[in-house]
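Here is the structure we will look at, set down as structure tokens.
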Amino acid sequence: MRPVLLVHGGAGRVPEDGGGGAREGLAAAAGAAWRLLEEGGPAMEAVIAAVQALEEDPRFNAGYGSVLTEDGDVEMDAAVMDGNTMRAGAVAAVRLVRHPVLLARAVLEEGRHVLLVGEGAERMAAARGLPRCPPGDLITPARRAQWERGRADRGGGTVGAVALDRAGRLAAATSTGGTAGKRAGRVGDSPLIGCGTYADARGAASATGDGEAIIRVVLAARAVDALDPETDLAATAAAALAGMQALTGGTGGLILLDAAGRAGAAHTTPFMAVARRGGGA
Ligand code: GLY
């Protein structure tokens with residue numbers, strides 16, 4: 001198979017810089033992941049590499065740079081899913097963890113559960129020796145200022161990736177700080193398998209946008225279910241998002257990839273940055 005990679009940096013408002021910063025961050029993240037795929041590495045490692053790089057980039061709402069809860073804390077969600085084995089791992093409302101996507105992978109690898117939350121997930125991070133940090137280390141000056149201004153948003157800046165590797169394996173990963181000003185304990189769509197993150201042998205999807213709406217329509221699995229050899233994937237993603245908007249009023253974005261290496265993206269928000277490497281329409 002020829003590998004394919006799609007990475008998104010979240011659906012939302014048009015950034016003040018017009019999106020140049022987001023595109024630059026995505027290009028760097030996609031570059032590292034793409035090298036892995038070109039060298040024959042697994043799709044799962046590629047999506048994790050892309051998302052981990054974006055968790056480190058303060059321009060995105062994931063890891064360092066996450067938005068703050070109404071209490072002024074960071075609580076993050078992340079998930080990974082392997083399409084060919086249907087194995088998945090996810091964490092929600094985690095603090096103290098530099099890279100939630102690595103913790104989600106640890107949950108997948110252990111295989112005992114699919115979703116761990118809060119303190120239990122943080123204990124697993126410690127047991128696995130994953131990079132931990134005091135909560136304040138994840139807060140950027142820009143996010144602190146946003147919180148002080150009391151500015152809420154719907155979670156723009158969530159990050160995600162989908163990949164197909166040379167062996168034909170599909171994977172998806174998503175990571176987010178959630179919505180600005182959210183209640184402590186709020187869990188969005190990203191760590192909920194089938195909602196913000198999904199992969200099976202047919203396709204892989206990562207969603208972004210209005211998490212409560214995405215959860216209600218189970219957007220990522222719905223989009224993979226709708227894959228059709230006669231329809232290009234941008235149209236399939238757009239139809240899934242239009243259906244969500246009609247049913248719930250919610251908006252968002254989606255990246256979608258199928259087992260044949262076709263890829264597509266769509267958004268119903270004013271802006272979503274996407275980087276793509278390889279693949280046909
Ligand atoms: N879509 C990200 C969130 O709502 O948490």
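Each residue takes its place number in the sequence, starting with 1.
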Which heavy-atom pair separates [X] from [Y] by the least distance, and what is that distance?
X    : Y    : value
G253 : A11  : N-CB, 3.6 Å
A29  : A50  : CB-O, 3.6 Å
V47  : A171 : CG1-O, 3.7 Å
A79  : A90  : CB-CB, 3.7 Å
L257 : A163 : CD2-C, 3.3 Å
V67  : G178 : CG2-O, 3.4 Å

Could you check whether [Y] and [X], counting side-chain N and O atoms only, form a donor-acceptor pair closer than 3.5 Å?
X    : Y    : value
R149 : Q146 : no
T158 : T176 : yes
T236 : T231 : no
T174 : T197 : yes

Could you measure the distance from the [atom1] atom of [X] to the [atom2] atom of [Y]? Nearest 0.5 Å is fine.
X    : Y    : atom1 : atom2 : answer
C195 : I214 : SG    : CD1   : 8.5 Å
R35  : L5   : CZ    : CG    : 11.5 Å
R262 : L256 : CZ    : CG    : 9.0 Å
L138 : R98  : CG    : CZ    : 6.0 Å
D73  : I139 : CG    : CD1   : 6.5 Å
T268 : Q245 : OG1   : CD    : 5.0 Å

* Asked: Should we say atom CZ of R2 is surrounded by more than 12 heavy atoms from elsewhere, each under 6.0 Å from it?
  ->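 Atom CZ in R2 is not crowded, with 12 or fewer foreign heavy atoms closer than 6.0 Å.
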Is there side-chain contact between [X] and [Y], with heavy atoms separated by less than 4.5 Å?
X    : Y    : answer
V74  : R95  : no
L170 : R202 : no
M272 : H8   : yes
M86  : D200 : yes
E39  : W34  : no
L164 : D258 : no
Y64  : T140 : yes
L54  : L26  : yes

* Take R186 and E70 through the salt bridge (charged side-chain N to carboxylate O under 4.0 Å, His left out) test and state the conclusion after the steps. => CA-CA 11 Å; R186 179 262 186 187; E70 63 183 3; over 6 Å; no
Counting only pairs under 3.5 Å, give me each side-chain donor-acceptor contact of residues 123-136, with atom names and distances, residues two or more places apart or in other chains.
unit_1	atom_1	unit_2	atom_2	d
R123	NH1	E119	OE2	3.3
R132	NH1	E122	O	3.1

Would a distance-only check, ignoring hydrogens and angles, find a side-chain to backbone donor-acceptor pair under 3.5 Å from [X] to [Y]?
X    : Y    : result
S66  : G63  : yes
D189 : D210 : no
R13  : P270 : no
D57  : F60  : no
N61  : G177 : yes
W147 : T69  : yes

* **Cationic N near anionic O, under 4.0 Å, E75 to K182** =>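 Looking at E75 and K182, the cut-off is not met.
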In terms of hydrophobic clusters joined by side-chain contacts under 4.5 Å, are [X] and [Y] together?
X    : Y    : value
V224 : M244 : no
V4   : V274 : yes
L227 : M81  : yes
L68  : M76  : yes
L6   : L254 : no

Using side-chain contact (heavy atoms from CB on, under 4.5 Å) as the criterion, point out the one residue from [options] that pairs with [X].
X    : options          : value
V159 : T208, V7, V51    : V51
L241 : V217, T269, L219 : L219
L115 : V187, L192, V91  : L192

List the atom pairs, donor and acceptor, that lie under 3.5 Å between side-chain atoms in residues 99-108 and the rest of the protein, sequence neighbours left out.
unit_1	atom_1	unit_2	atom_2	d
H99	ND1	E55	OE1	3.0
H99	NE2	E56	OE1	2.9
R105	NH1	E45	OE1	2.7
R105	NH1	E45	OE2	3.2

